[in-house]
Amino acid sequence: MQSEIVISGFGGQGALFAGQLLAYTALDAGLHTTWFPSYGPEMRGGTAHCTTIVSDAPIGSPVVRHPRAAVVMNLPSLERYEPLVKAGGVLVVNSSIVERHVQRTDLQVLRVPGDDVAQELGDGKVTNLVLVGALLTRLPVLELEQVKRTLEHVIPERRRNLLAMNLQALERGAALADPLAAAV
Amino acid sequence: MQSEIVISGFGGQGALFAGQLLAYTALDAGLHTTWFPSYGPEMRGGTAHCTTIVSDAPIGSPVVRHPRAAVVMNLPSLERYEPLVKAGGVLVVNSSIVERHVQRTDLQVLRVPGDDVAQELGDGKVTNLVLVGALLTRLPVLELEQVKRTLEHVIPERRRNLLAMNLQALERGAALADPLAAAV
Amino acid sequence: MARALLKGNVAFAEAAVRAGCEAYFGYPITPQTEALEHMAKRMPELGRAFVQAESEVAAINMVYGAATAGVRVMTSSSSPGVSLMMEGLSYIAGTRVPAVLVDVMRGGPGLGNIAPAQSDYAQMVRGGPHGDMKMIVLAPATVQELIDLTVEAFDLAERYRCITVVLADGSLGQMMEPAELPPMRTPRAADERPAWALTGARGREPHALTSIYLDPEQEEAYNLELQATYRAIEAAEVRYVEERLEGARIAVVAFGTAGRLSLTAIDAARAEGIEVGLFRPVSLYPFPEERLRQLAERVDALLVVEMNAGQMIDDVRRVTRERVPIRFYGRTGGVVPMPEEVLEAIRGLHAELVREEAVA
Amino acid sequence: MARALLKGNVAFAEAAVRAGCEAYFGYPITPQTEALEHMAKRMPELGRAFVQAESEVAAINMVYGAATAGVRVMTSSSSPGVSLMMEGLSYIAGTRVPAVLVDVMRGGPGLGNIAPAQSDYAQMVRGGPHGDMKMIVLAPATVQELIDLTVEAFDLAERYRCITVVLADGSLGQMMEPAELPPMRTPRAADERPAWALTGARGREPHALTSIYLDPEQEEAYNLELQATYRAIEAAEVRYVEERLEGARIAVVAFGTAGRLSLTAIDAARAEGIEVGLFRPVSLYPFPEERLRQLAERVDALLVVEMNAGQMIDDVRRVTRERVPIRFYGRTGGVVPMPEEVLEAIRGLHAELVREEAVA
Amino acid sequence: MTVPTLTPRLTPVVSYPEALAPTPTHYCPGCTHGIAHRLVAEVIDELGIREDTIGVASVGCSVFAYNYFAVDFAQAPHGRAPALATGIKRTSPDKLVFTYQGDGDLASIGSAEILHAAARGENITVVFLNNAIYGMTGGQMAPTTLPGQRTTSSPAGRDPATQGYPLRMSELLAQVDGAAYVARRSLHDVANIRRAKKALRKAFEVQQQGLGFAMVELLSSCPTNWGLSAQDSLEYIRDVMVPAYPLGEFKVPETEGREAR
Amino acid sequence: MTVPTLTPRLTPVVSYPEALAPTPTHYCPGCTHGIAHRLVAEVIDELGIREDTIGVASVGCSVFAYNYFAVDFAQAPHGRAPALATGIKRTSPDKLVFTYQGDGDLASIGSAEILHAAARGENITVVFLNNAIYGMTGGQMAPTTLPGQRTTSSPAGRDPATQGYPLRMSELLAQVDGAAYVARRSLHDVANIRRAKKALRKAFEVQQQGLGFAMVELLSSCPTNWGLSAQDSLEYIRDVMVPAYPLGEFKVPETEGREAR
Amino acid sequence: MKGTVTVDEALCKGCGLCTGVCPKGLLALSTRFSTRGYHPVELVDPDDLCTGCELCSVICPEAAFTVFRERAAA
Amino acid sequence: MKGTVTVDEALCKGCGLCTGVCPKGLLALSTRFSTRGYHPVELVDPDDLCTGCELCSVICPEAAFTVFRERAAA
Ligand SMILES: Cc1ncc(C[n+]2csc(CCOP(=O)(O)OP(=O)(O)O)c2C)c(N)n1
Ligand SMILES: Cc1ncc(C[n+]2csc(CCOP(=O)(O)OP(=O)(O)O)c2C)c(N)n1
Ligand code: SF4
Ligand code: SF4
Ligand code: SF4
Ligand code: SF4
Ligand code: SF4
Ligand code: SF4
Ligand SMILES: [Mg+2]
Ligand SMILES: [Mg+2]
């Protein structure tokens, strides 16, 4: 079984790191994984996105047109990925700044107020992890606890002091996910 | 009918110009012709040689392994070209400085004291034309008179004052050729 | 070494370090700059040579210099930068000193863009530098292969005293994947340099390393030596990967990233009942001619997939003598084809075969 | 114009002048330097632009600049110098501005020597510069053709907004042969420059000439345009010469000097009763694929003759699908094969055919 | 853009230059590339040469300069802008041709081309942005990087012993006979920006007068790769770069006076 | 070589340098490339470094330098000798590495490489033969060709207006911080040749001391392409080249005194 | 002298350089996001203190300012 | 001081530079051709005037000279 997760947002919203975290977790869990960034000048200011693939078999393509899940942290990302997620797949939306609702009805949509939760936790920079926490509830391949364990050792040195907050972000996202999903 | 003439000597002995003169003459005579130099650092000090081909039909290769005629102005040139001239072909040797005699017996050999004649005429630099004059007596494709006419208009500006001597060189070479040929 | 999640550019740079690379000379260019940056940190740390050259022209000539000194040396760059290395590469080949180049291709021609592409296949495999010369060209498809082939590149370069190119594309340089780095080899000691190297003529006749042979006969003799080396390489160094080819009616032929992309498409097609497999040349030079020719005897059609306008396909055509239909799917300019597109191409080719059978 | 005895290098330079070449930028290198020297005299005399650049890198980029200004511009060089032009050529192709390059090849690889060679066929025809790009490559065999193709090169470059290369070898640059120069064309007036040119945005929107398209989709669209141009060139600009092919059993395939050399051998072989003719590709890109394929249907064997280790032969193999045996005769490193050697190769191939018939 | 209701007596004294295309740039916030662009555009406007000017963009953050100027533009390979400019100027002598180059472009890979354009007295104007770093590729060491300066390719700070010393291109090129005008200015405050504009104007005028090669080096910021705020970057220029790269006119046409520092 | 019968009291005081291979050169008669070769060889002998020296030949008449020196040698692409030397020196820091380059090679196509080798303070010795012409390719204009000088590519004499001004590389490179020793000497007479040798010796000693980049420019003759006799060529150097290319030490290591002109 | 300025929000990147040079301290970054995701600068000049001195426009890397000034008595 | 010189004919290219520097005028090009085709220089010193001053050897581009000198009284 192979799961493809796209994470997409403004540069600076931490999409790339969130994707890497999933890949690191997959590695720790003994799974196959790839992380594929979009890179280049668009990273500066524009949109940043990446694809993480997690699988129990060797991975061919590190990109796919139709991912199983997408975490969209801003409106342009929603515009881009809503049409692409596989039917039945997961779409996590940062509802704090994305007002528009999802049109498709064949997806599991999680609208999570990522920025608000992050502000609450005291750091705008953990929106990505809030959303990932939510995602994990719908993505059976990686377990929240494993992600947390992995985070502990891959968190960049300069953010180590924020580890607790980062872990909370994951948890809050996960906690929010269930009722939200029901509300879709 | 195609005739290939190699002219070879030390750099500075005028081998290249002599070959060009034949090509210019051929052009004036309405024949096909090519002139092919050896070039490069070996020109400085070392040996210079060129191949002139004259033909009544378009010319394929501008070089051949076995030329119909060779004018050799020094010993290395003799060493190189004696074995190569076509059987029955012409070999003109600058006997002023090439002491060794020709071994092959299947060639028309002309031993012409080119440097001596040139000195006599007052300019060491016309050895080449003395030898060419001799060659022409055995090479029916180009006529001495035509060569002289051509020389008049292709002689480099800075040597124009030496035109008369150049023409004499050709004539002296031609004049020497007959008896010499008999003496082989 | 345990497997770690590694970015391609960092992975090959560290692999080179561990393979005993004693000198790196390079110039920044996206999408391979992280390799230079990694070397900027690692090489001085280990007391080895690192110079950020003033240009790719200078970089390849520093490589040339270090190669004449008999050390393991490398550079890395991307398309426009590699174009600037052509003269230097020709001299290195013309002098028969070993060197390694990692080329992380990007979209072209010209300045193009920094997105992944394979459009320098022809340049590296067929005829970039002037003169009758070849470089061993290895095309990895995963970060692990990128590591392994980089290590091997040093060995091959030394074995044949030639240039070995690791030809990757931007995606391989930028992506992360679990991979294992090789153990650290101790670099050769200064007094273990090869006999042909310039080490100062201590107690021996001086020698020169040069690529000029004014006398054509001599240059030809040298060229014949080179050609003999190339024949030896062709005989011994062919590398390829075959997947799902057992009983396949269609073979996808694709290298590097295009190859791994195609594999996903192949699995999807197989799930639909289409018998298709993958032939992935790993050594682009020497090209796996023999094996591909045999393959063309067994299958009904070939689909060449490249991230360019069709470059390797000419070699596929030549080698297989077009015994079977050969179709092409390619994207250019840095567009990475999605496996779904390749799947579509496989389906199309399959349908073609079915139609033909119906007619027959 | 009457026929005059002209040295190849001078002939093509003067031909360019007469074709309305408005700017020449170059750097001395044997065996093409006389061309630069001719231009150094002629261009200023005519009030046109001549710059001896600081290097071939600079020269090709001056050409690039002048090309963006919409003038007829050229450079000339030889193997190592041409290698230095690869990046610039890729940019020119990537910007679709017209330019002419005369490449007078010498022995390689590396510094090699200054003797005549054809060992840069692969570089110029298949893949010197990076990216999916092509250059029209024309291979003259006589001084007259060198003149005519140089003139044509300017027209083709402008028609397709591409690079046209006249690919000669040292012998063609250095030899003299009677030839006729074209009449003097008046260069275009400054206000007649093409609409796409950079002329100052007087009374119109400014425009830019560039080769960077950061968005892969855009770069791909650009590449598709390029590819469409190449298809148009392939359809319209194939050039070749056939000699003595009527009823031939053996066809010699050779370009440029190797072609004319072979002709002498062919005549000698015919005199011996061997039915052999010459197929001489004049446009190396576009390669005369169709015609050669047809030829391979008619003859019993092909002999490819090159002044290299075997480069064009790969295209001959691909195009003919090796329908008939293909043999090779080549000399490398600046050795000019003698017609006698080619004759020997023809005889050998002929004997092979006779033997086979005997067996059959 | 909303224009406020104005009292009739208020009239525009500064507005968007005509020679600047009405396009937002991709430069990072606070990057002084933008200031240099505006100055060049203002000079072009003031000299009334917009329709007679051809620019040559280089490779670096300013690669898209051609999108930002409302003049004809070519885009050169990394370092080769002076060669392109030569090709253009020689075949369009009545046009004003300028290059816009970064320090990696001009002082590293393109050092031969700039030196020889100067030696030839090529009648072009060079706008040279020195930000002591390779901006576009993410902050590697440039030939102009200061000793001790940390970059991604001099992670321990540039060590002159192994990584060499900074090149002062203006001083160097001023030595060359073909150079007519060479000045270094800075973009770190209003007064210096105004001086920079004067120098740019002179550099274009020198070309108009056919006096030869003219170059203005502008000390410029790279907040992103310096890891400083926009404001701190200007202070870094003032406090660190200016001392290492003295401002001044290093060569002026013989007929002209030197502007006081 | 026949040795005359000698009175026992006569002993050899000058003989063929050990570091010079016993091979006739291909240089034209009277070409001062040969003098430069001998001087370098003598210095190598005097310093006793023959077996620790690696030379880098460039492209130009001296391309075969590797045949003439009895030391290990590489041969570089046109202009790139300083890059090769960098690669060699960085990986063989205990060897003495020198390049031998002509003016076309060093000042034209290789100007970026020499500038940056100097800027990096690359610890190498550069022997730079300035004969104001491209000798090997038959006498084209070099960046060092003098205004008005006729060459095959400046047939009407070099016109600075279109062909630029000569580059004085020593003065230029002396400006660069990484340069430790830069001197210009001439080979036109015995006294100057002796001075040239001293400079060459210093340039090798600077490298031995690890002080950085050292270069000696030698004004040299090209009788063949100047169209002058060997003797007249020396006079041409003295009367025409020296005034245009002043002799002197333009940079000396701080610890050392400058040699008087 | 009296003056005022307008800022083209499509151009302003909120770098804040202008806020540092205004002698009257009239420029401040807003907390709003512009369509390009920046906090654009705003003129806060309730007392009409702007002199139209142009300093803001000189330092602005985006040429975002239009500066207006009272016409000199004419 | 007394001295003498020998010239390696295999090296001498007959450039004549040495003839110009010998303070005693003892060097002259011969009319003979060397094996490499040059007129080699010869020491013409019937009166033993050579001082071994080395000037010839300093200017010779071919390192063709060996210079001998009287050993200082020792
Ligand atoms: C031949 C080549 N080499 C390298 C590059 C990669 N590259 C792009 S921009 C750049 C550096 C630009 O730095 P600079 O000129 O200082 O401009 P800045 O971005 O700092 O304004 C480099 C190395 C390239 N495009 N082409
Ligand atoms: C890339 C390249 N361009 C051009 C040449 C041709 N070339 C050989 S030597 C030379 C000039 C040498 O002049 P210089 O360096 O002054 O040396 P000199 O012969 O005068 O001693 C040139 C242009 C070459 N070999 N390679
Ligand atoms: S990276 Fe630096 S130079 Fe480039 S736009 Fe950003 S701040 Fe400016
Ligand atoms: S061409 Fe000039 S530089 Fe070269 S060897 Fe002859 S005289 Fe010397
Ligand atoms: S014009 Fe002057 S006073 Fe007005 S806002 Fe700008 S800086 Fe402030
Ligand atoms: S200086 Fe310009 S870009 Fe920066 S905040 Fe002020 S108006 Fe905006
Ligand atoms: S050593 Fe002195 S005196 Fe003797 S030959 Fe030489 S120059 Fe003349
Ligand atoms: S200087 Fe040397 S080469 Fe010249 S003539 Fe004298 S001995 Fe011969
Ligand atoms: Mg910069
Ligand atoms: Mg020279």
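All chains are named by letter (A, B, ...) in the order of the sequence lines, taking the proteins before the strands, and each is independently numbered beginning at 1. Computation of the quantities below employed the complete heavy-atom set of this structure, encompassing side-chain atoms and omitting hydrogens, waters and symmetry-equivalent molecules. This is a predicted model, so every value here is computed, not measured.
- Considering every non-hydrogen atom in both C/Arg318 and D/Glu322, the closest pair reads O-OE2, 4.0 Å.
- For a residue to count as touching a neighbouring chain, one of its non-hydrogen atoms must lie under 4.5 Å from one of that chain's; by this rule C/Arg331 touches chain D with backbone and side chain alike.
- Annotation for C/Asn113 and D/Pro216: closest pair ND2-CA, 3.6 Å, computed over non-hydrogen atoms.
- Interface remark: of the candidates C/Gly110, C/Gly131, C/Gly334, C/Gly110 forms the most heavy-atom pairs closer than 4.5 Å to chain D.
- Closest heavy-atom contact between D/Ala309 and C/Gln227: CB-NE2, 3.3 Å.
- Residue C/Asp315: no heavy atom, backbone or side chain, is found under 4.5 Å from chain D.
- Ranked by heavy-atom pairs shorter than 4.5 Å toward chain D, the options C/Gly108, C/Ala122, C/Ser211 are led by C/Ser211.
- Contact record, D/Gln123 with C/His130: NE2-N, 3.4 Å, taken as the closest heavy-atom pair.
- C/Asn223 CG to D/Ser119 OG: the interatomic distance, rounded to the nearest 0.5 Å, is 7.0 Å.
- Of the listed residues (C/Pro129, C/Ala93, C/Gly112), the greatest number of heavy-atom pairs within a distance under 4.5 Å of chain D belongs to C/Gly112.
- Of the residues considered (D/Leu89, D/Val82, D/Asp314), D/Asp314 shows the highest number of contacts with chain C, using heavy-atom pairs under 4.5 Å.
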Could you give me the CA-CA distance, side-chain angles and deciding distance for C/Asp132 and D/Gln311, then say whether side-chain contact (heavy atoms from CB on, under 4.5 Å) is met? CA-CA 8 Å; C/Asp132 279 303; D/Gln311 299 196 0; 2.6 Å; yes

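- The shortest heavy-atom contact between C/Leu226 and D/Pro109 is CD1-CG, 3.8 Å.
- Test C/Leu214, C/Thr95, C/Thr210, C/Ile212 against D/Leu111 for side chain to side chain contact (heavy atoms under 4.5 Å, CB included) and you get one pass: C/Ile212.
- Considering only heavy-atom pairs separated by less than 4.5 Å from chain D, the leading option among C/Tyr213, C/Tyr91, C/Tyr121 is C/Tyr91.
- The candidate from C/Ala221, C/Gly310, C/Ser90, C/Gly94 with the greatest count of non-hydrogen atom pairs under 4.5 Å with chain D is C/Ser90.
- By number of non-hydrogen pairs under 4.5 angstrom with chain D, the leading residue of C/Met86, C/Arg317, C/Glu220, C/Glu219 is C/Glu220.
- For a residue to count as touching a neighbouring chain, one of its non-hydrogen atoms must lie under 4.5 Å from one of that chain's; by this rule C/Val335 touches chain D with backbone and side chain alike.
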Decide yes or no on side-chain contact (heavy atoms from CB on, under 4.5 Å) for D/Glu87 and C/Met85, but give the supporting numbers first. CA-CA 9 Å; D/Glu87 190 200 25; C/Met85 295 183 176; over 6 Å; no

